[in-house]
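The chains referred to below are lettered A, B, ... by the order of the sequence lines, with proteins before strands, and numbering in each begins at 1. Any value given below was found using the heavy atoms of this structure, including those in side chains, with hydrogens, waters and symmetry copies removed. These numbers come from a predicted model, not from an experiment.
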Protein chains: 2
Amino acid sequence: MFRDFTLNDKEREALNAISTKIHKPAKRRIYTQGEAGRYVYRIRSGAVRLEHHLHDGRNHIFAFIWPDDMFGTIEDGVYPASAIALVDTYLFQIPYAALLNLIEVYPRIQTLFLQQALNYTKAAQRHLLLATYPLVLKRLAGFLLECSKQADFYDQHSNILTLAMDRKDIADYLGFAVETTSRMLKELEDMRLIKRLSSQRIVLDRRKIMEIF
Amino acid sequence: MFRDFTLNDKEREALNAISTKIHKPAKRRIYTQGEAGRYVYRIRSGAVRLEHHLHDGRNHIFAFIWPDDMFGTIEDGVYPASAIALVDTYLFQIPYAALLNLIEVYPRIQTLFLQQALNYTKAAQRHLLLATYPLVLKRLAGFLLECSKQADFYDQHSNILTLAMDRKDIADYLGFAVETTSRMLKELEDMRLIKRLSSQRIVLDRRKIMEIF
DNA sequence: CGGCCATTTGACGGGAATCAACCGCGGTGG
DNA sequence: CCACCGCGGTTGATTCCCGTCAAATGGCCG
């Protein structure tokens, strides 16, 4: 439900009026877990990772955020996770206070957030599915397929996927060790399902990958 | 945000007017994955599991649903998961069609769903955290702590936890084999962190469990 | 060229899956 | 009343996947 919802011109304009366009270079922190949360963000271009630092030293990546997606949920007034730009990223920064006022005037804007929340929930379920797949090879295969859905990072014609994240990020997202990322990429390459052009640029054979997934 | 939201009397009444009280005995299916989704549910008492059947034969449990929680999200008109009562369960059944009409009249009811979506996402994140914990023992320890938050199933005084789900359900939720559930329960008992009264009734030493978690 | 960092590769050990068998309990029917 | 069965839970033996530790390689920038 609420799948086909879009804002009208007036609503969009009002939302733009309270938004600021900001820019973050690659690897730059946007906010930190535990910090007071004053803004919600929407990606114009680039990519972001949401990570949560655990007491046992592990770093848990909850989600990768892509263009048009929003992030910046707060819990008890603070951000429960850190947000870090993966690549050169352009954002809309929207102050919560102004947003809540705006929703009073244009209640339909809230639907936008409901939509985002539902999308995010779906993404969380797919993530859970991936991260608990018994074989690590299949986790990675599924991950590559997920990434190839992002038009900005996958070229349909050449089948070249540009990874916005490094090996450690992938490992933290899928729940295994950095070394395993390398090993499994090698195995996929040995199986002729992918071809590594460089560490970040990979040619995919989506059909073959789907077969083993 | 939206944490402190509650319906007023009029809204609650209107919602009740379109709801039907229904009952499902233990192990009874409420709906099946792939089925056309016409209702959303809210648990009055009991417990429900949401599971997704995978093509490789595994059964993936996305969530356990407790009293006051809602479930029944649809994707493309159908339920993406099956819902099954774990124990004798009483529910509110709310038709989607009537609900969408009601939101037109009382837009604030939508906030209830936004709230639910955000809660669900939080739960999904905790689930992910649990299910990817490197040591199986800690996964189970964390799971028992989660369960002990449900007042209907955990007695604060006697510290007795009543498990609504069986060993297989726990295994499917935490991402390991049935046998592992048994083995780890035994290990927790050997460590004097729990005591099994029967297969479903367990005395917890929450303090000690938190220490190892 | 040299240093740093990300990535890759190798060797080894451990933890959990798998494949079995066994146990305990409730239900059923002779 | 008890033997039999079925099902959920437990335990044991073996295998293997992946984490860990260690070292080598490669790319990038000063």
Side-chain angles (χ1 to χ4, degrees), chain A residues 25-27 49 54 56-61 84 86-88 130-141 143-144 161-191 194-202 212, chain B residues 25-27 49 54 56-61 84 86-87 130-144 161-191 194-202 212:
Chain A
K27 313 221 169 196
R49 73 168 190 265
L54 300 176
D56 65 357
R58 285 187 308 140
N59 215 32
H60 197 258
I61 294 185
I84 291 135
L86 293 173
V87 295
D88 211 46
L130 269 187
T132 58
Y133 229 95
L135 277 103
V136 199
L137 187 74
K138 293 197 177 189
R139 286 191 218 169
L140 187 59
F143 177 73
L144 293 176
L161 174 70
T162 305
L163 289 171
M165 64 295 286
D166 63 21
R167 301 292 186 264
K168 180 75 167 62
D169 290 339
I170 298 177
D172 287 347
Y173 183 76
L174 295 177
F176 48 62
V178 200
E179 295 92 331
T180 305
T181 318
S182 276
R183 269 188 267 269
M184 292 305 118
L185 281 174
K186 181 189 170 66
E187 191 158 337
L188 287 174
E189 194 163 26
D190 289 347
M191 294 166 76
I194 67 169
K195 186 165 161 49
R196 287 179 283 186
L197 302 179
S198 71
S199 71
Q200 308 302 108
R201 285 161 52 79
I202 298 178
I212 71 139
Chain B
K27 313 221 169 197
R49 74 167 189 265
L54 300 176
D56 65 357
R58 284 187 311 139
N59 216 30
H60 196 256
I61 294 187
I84 292 135
L86 292 173
V87 295
L130 270 188
T132 58
Y133 229 94
L135 277 103
V136 199
L137 187 74
K138 294 197 176 186
R139 286 191 218 171
L140 188 59
F143 177 73
L144 293 176
L161 175 70
T162 305
L163 289 173
M165 65 295 288
D166 63 20
R167 301 291 186 266
K168 180 76 167 59
D169 289 340
I170 298 176
D172 287 347
Y173 182 76
L174 295 177
F176 49 62
V178 201
E179 296 92 330
T180 305
T181 317
S182 276
R183 270 188 264 267
M184 293 304 117
L185 282 174
K186 181 189 170 66
E187 192 158 335
L188 287 174
E189 194 163 26
D190 290 347
M191 295 165 75
I194 67 169
K195 187 165 160 47
R196 285 178 286 186
L197 302 177
S198 71
S199 72
Q200 308 302 106
R201 286 162 51 80
I202 298 178
I212 71 140

Is the shortest side-chain N/O distance from [X] to OP1 or OP2 of [N] below 4.0 Å?
X: K168(A); N: dA6(C); value: no
X: Q200(A); N: dG27(D); value: no
X: T180(A); N: dG19(D); value: yes
X: K186(B); N: dT11(D); value: yes

The side chain of [X] is closest to which nucleotide in this list: [options]?
X: D166(B); options: dG8(D), dT11(D), dC17(D); value: dG8(D)
X: S199(B); options: dT8(C), dG9(D), dG8(D); value: dG9(D)
X: A177(B); options: dT10(D), dA16(C), dA17(C); value: dA17(C)
X: E179(A); options: dA22(D), dG19(D), dT11(D); value: dA22(D)
X: S182(A); options: dT10(D), dG8(D), dT9(C); value: dT9(C)

Q: Mark yes or no for a side-chain to base donor-acceptor pair under 3.5 Å between R183(A) and dT20(D), with no hydrogen or angle criteria applied.
A: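 Checked by distance alone, the answer is yes.
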
Q) With distance as the sole criterion, do the side chain of R196(B) and the base of dG9(D) form a donor-acceptor contact below 3.5 Å? A)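 Answer is no: no donor-acceptor pair is held.
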
Determine yes or no for a side-chain-to-main-chain donor-acceptor pair under 3.5 angstrom, with [X] supplying the side chain and [Y] the backbone.
X: Q200(A); Y: M165(A); value: yes
X: R139(B); Y: Y133(B); value: yes
X: R167(B); Y: S199(B); value: yes

Whole angstroms only, please: what is the [atom1]-[atom2] distance between [X] and [N]?
X: Y133(A); N: dA16(C); atom1: OH; atom2: C1'; answer: 19 Å
X: K27(A); N: dC29(D); atom1: NZ; atom2: P; answer: 12 Å
X: L140(B); N: dG9(D); atom1: CG; atom2: C1'; answer: 14 Å
X: R201(A); N: dA6(C); atom1: CZ; atom2: C1'; answer: 18 Å
X: M184(B); N: dG9(D); atom1: CE; atom2: P; answer: 17 Å

Q. Do the side chains of L188(B) and L144(B) get nearer than 4.5 Å, heavy atoms only?
A.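 Yes; the side chains approach each other to less than 4.5 Å.
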
Q. Between atom CG of L163(A) and atom CG of D169(A), what is the distance when rounded to the nearest 0.5 Å?
A.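 Those atoms lie 10.0 Å apart.
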
Q: With DNA chain D as reference, determine whether V178(B) or F176(A) sits nearer its 5' end, using the nearest nucleotide of each.
A: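 The residue mapped nearer the 5' terminus is V178(B).
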
